[in-house]
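Keep in mind that what you see is a predicted model, and the values were worked out from it rather than measured. First the proteins, then the strands, lettered A, B, ... as listed; each starts at 1.
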2 protein chains.
Amino acid sequence: MSNIREVSRAAGVSIATVSRAISSPDKVSETALKKVYAAIEKVGYRPNMMARNFRAVRAYSIVVLVPNLSNLFFATVIRGIEDAAQQKGYAVLLGDTRDSHDREQEYTRLVETRQADGILQLRPHTPGKSLEPDSGMPMVSACGCENTPYPSVRIDNTGAAREIVDYLITQGHRRIGVLAGLPDNPHSNDRLQGYRQSLENAGVPFDPDLLVNGDFTMGSGQMAASHFARMKDRPTAVFSMNDEMAIGCIQGLKSAGIRVPEEMSITGFDDIEFARYSDPPLTTIAQPAEELGRASFNTLLELIEGKELQQTETVLPYEFVVRKSTPALRR
Amino acid sequence: MSNIREVSRAAGVSIATVSRAISSPDKVSETALKKVYAAIEKVGYRPNMMARNFRAVRAYSIVVLVPNLSNLFFATVIRGIEDAAQQKGYAVLLGDTRDSHDREQEYTRLVETRQADGILQLRPHTPGKSLEPDSGMPMVSACGCENTPYPSVRIDNTGAAREIVDYLITQGHRRIGVLAGLPDNPHSNDRLQGYRQSLENAGVPFDPDLLVNGDFTMGSGQMAASHFARMKDRPTAVFSMNDEMAIGCIQGLKSAGIRVPEEMSITGFDDIEFARYSDPPLTTIAQPAEELGRASFNTLLELIEGKELQQTETVLPYEFVVRKSTPALRR
DNA sequence: CTGTTAGCGCATTCAC
DNA sequence: GTGAATGCGCTAACAG
């Protein structure tokens with residue numbers, strides 16, 4: 001493997017000149033530049049980034065902590081991260097934690113041992129259970145919630161949920177089921193607040209029987225469906241907190257002989273691509289997933305570079321998408 | 001940031017002893033060990049991996065090249081890669097190439113510049129268009145095909161396709177549409193061969209009108225549906241080369257007023273989680289996605305470590321999964 | 001078993 | 001503009 005010294009020999013200049021020719025060509029004479037470039041070509045030189053980064057005390061890479069890469073919303077956020085990182089010359093280290101605290105801890109070590117410069121956390125912050133923000137470790141939440149205790153990028157989850165439930169009420173629904181995440185999930189809680197606000201505005205009392213806790217998988221959506229199907233006083237609509245659960249729920253309802261959307265409307269959240277191809281296509285909240293990724297990377301980069309953050313919280317706009325899963329209620 | 005020298009001072013031993021205490025404790029006396037560990041604790045030492053890797057001339061990381069991270073099959077393969085890599089102390093650098101040859105080239109540089117030790121390629125090899133295998137660059141295909149010109153892990157795509165089409169024939173079908181990838185896609189070609197073999201075995205002539213080229217997205221499946229719907233002599237079944245296109249196709253057929261599976265059976269490939277929640281649930285080929293990832297990483301690791309490969313091609317078993325999208329043809 | 005020392009490839013400081 | 005020399009943190013060779 002050729003190094004800078006070989007190039008210097010081939011070019012007949014010092015290694016300092018070669019180094020300068022590469023990183024600050026304006027400080028080198030035309031003639032020297034030409035010789036260096038020719039020599040680089042000749043010996044097939046590729047700079048050793050490990051050495052360069054080692055000296056710069058900068059890994060030029062970040063870690064992405066994601067609970068589950070097979071979640072399409074997360075995968076899309078990561079694409080955005082990767083896009084922004086690539087533009088800025090950073091590499092993205094994948095940390096699929098599989099919801100394991102140990103694995104999360106393990107990946108944290110990459111930063112402590114200088115293999116990475118910072119962390120992008122896709123799991124929303126749960127006090128006690130989550131990685132606590134550590135002043136020495138640059139960390140940004142790419143899918144924040146109302147109480148993220150460190151810099152974050154997010155949408156207004158509560159507002160989005162309120163908007164979607166408001167719409168269901170407009171369509172004539174009063175008994176609206178809610179398919180939430182686990183009770184300690186921050187996204188779920190933010191969205192649940194929007195649900196409750198919407199009901200309250202409409203003068204509809206909150207009925208705990210209508211709340212089912214899932215875990216954002218299609219399987220849990222399917223389980224929830226049998227709960228709703230068995231109820232004596234069934235909801236006429238269900239607000240699911242992500243598209244996967246909504247899709248699982250639709251499948252479960254159909255299996256139970258309930259027609260969707262004729263007998264039960266359903267809404268999702270995220271607007272993954274499958275939402276459009278579901279039967280019926282899902283009314284949902286389109287999150288700017290790639291943009292969340294890009295913005296969170298840029299925030300993290302500022303942190304890494306030691307800049308003062310303009311804003312510790314970035315709230316991006318979402319879009320409410322109406323499809324066929326929510327027709328007007330016929331009575 | 002504390003380094004090995006600080007530890008040595010705090011422990012009252014030389015830096016060599018500290019280094020040995022960490023990497024080969026059996027070569028250090030009990031007393032020295034204790035002092036070193038105490039000192040590490042005291043100064044909060046974390047080894048600088050950049051320095052260590054630099055010296056070892058090993059990045060302990062690999063690059064995964066994936067055309068599109070939002071493809072669930074790929075995402076699952078990557079989870080397997082990540083799992084195996086983590087166990088062996090390797091980090092996974094994400095290279096979402098977005099089907100861009102330039103980006104692929106860009107990521108290749110990570111290996112040339114020693115930021116990574118090897119490449120795991122998820123895109124099947126297309127002669128001319130793909131990264132050509134370079135003896136200096138360890139590279140393994142995680143989703144290989146019949147003619148991958150470098151080490152690969154794969155399933156028997158042709159056999160799987162044959163099996164699925166055989167089954168459709170058993171169910172009474174004779175006019176079987178095929179929803180393929182682009183004409184130069186190797187996976188598509190391997191599977192198409194299986195399709196043709198099956199037809200030939202059954203004495204059914206190949207009808208080019210029944211072949212539609214998609215691009216493995218749901219959108220292209222939907223487009224294909226309108227082609228099939230418009231045909232005067234429609235197929236009674238469609239073999240789609242992945243689940244996404246099958247799901248898009250179902251949606252398109254339903255929109256065109258064709259009932260699935262009553263009027264048209266359909267099969268997928270991959271067995272992504274959505275296949276089970278599709279309406280109707282898809283008959284498909286379950287690829288051992290995570291295992292493909294794990295196995296390909298282990299192969300790559302052997303290459304990186306300079307071992308002689310036992311086998312240059314690993315063929316893993318798939319599973320044929322029958323669901324409700326393929327009832328027996330009623331005539 | 002332990003300490004001293006050289007050197008990995010590079011950027012940078014300081015003379016010239 | 002250019003070159004010689006230094007050191008980043010670590011491991012390994014060598015000497016004791």
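Under the ring-ring contact (aromatic ring centres under 6.0 Å, His included) criterion, B/Y60 pairs with B/Y90, sequence neighbours left out. Listed by chain and residue number, nothing satisfies the salt bridge (charged side-chain N to carboxylate O under 4.0 Å, His left out) test with B/D117 (two or more places apart in sequence, or in another chain).
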Practice task
For nucleotides 9-16 of chain C, just jot down a letter per nucleotide in 5' to 3' order: B, S or -, based on protein non-hydrogen atoms under 4.0 Å.
Solution key: BBBBB---
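At most 12 non-hydrogen atoms from other residues, nucleotides or ligands lie less than 6.0 angstrom from CG of A/N147. In the displayed structure, A/E41 atom CD is contacted under 6.0 Å by at most 12 heavy atoms of other residues, nucleotides or ligands.
Panel note: side chain A/N298, backbone A/R294; a donor-acceptor pair is recorded below 3.5 Å.
Axis angle across the helix from C/dC1-D/dG16 to C/dC16-D/dG1, with five pairs used at each end and values rounded to 10°: 40°.
Close approach of DNA chain D to chain A, defined as any atom under 4.0 Å from a non-hydrogen atom of the protein, starts and stops at D/dG1 to D/dG9.
Side chains of B/Q115 and A/N53: a donor on one and an acceptor on the other come within 3.5 Å.
Of the residues in residues 33-40 of chain A, not one comes within less than 4.0 Å of DNA chain D through any heavy atom.
A straight line from CD of A/E6 to P of C/dC8 spans 12 Å, rounded to a whole angstrom.
Atom OG of residue A/S296 and atom CD1 of residue A/I78 lie 10.0 Å apart, to the nearest 0.5 angstrom.
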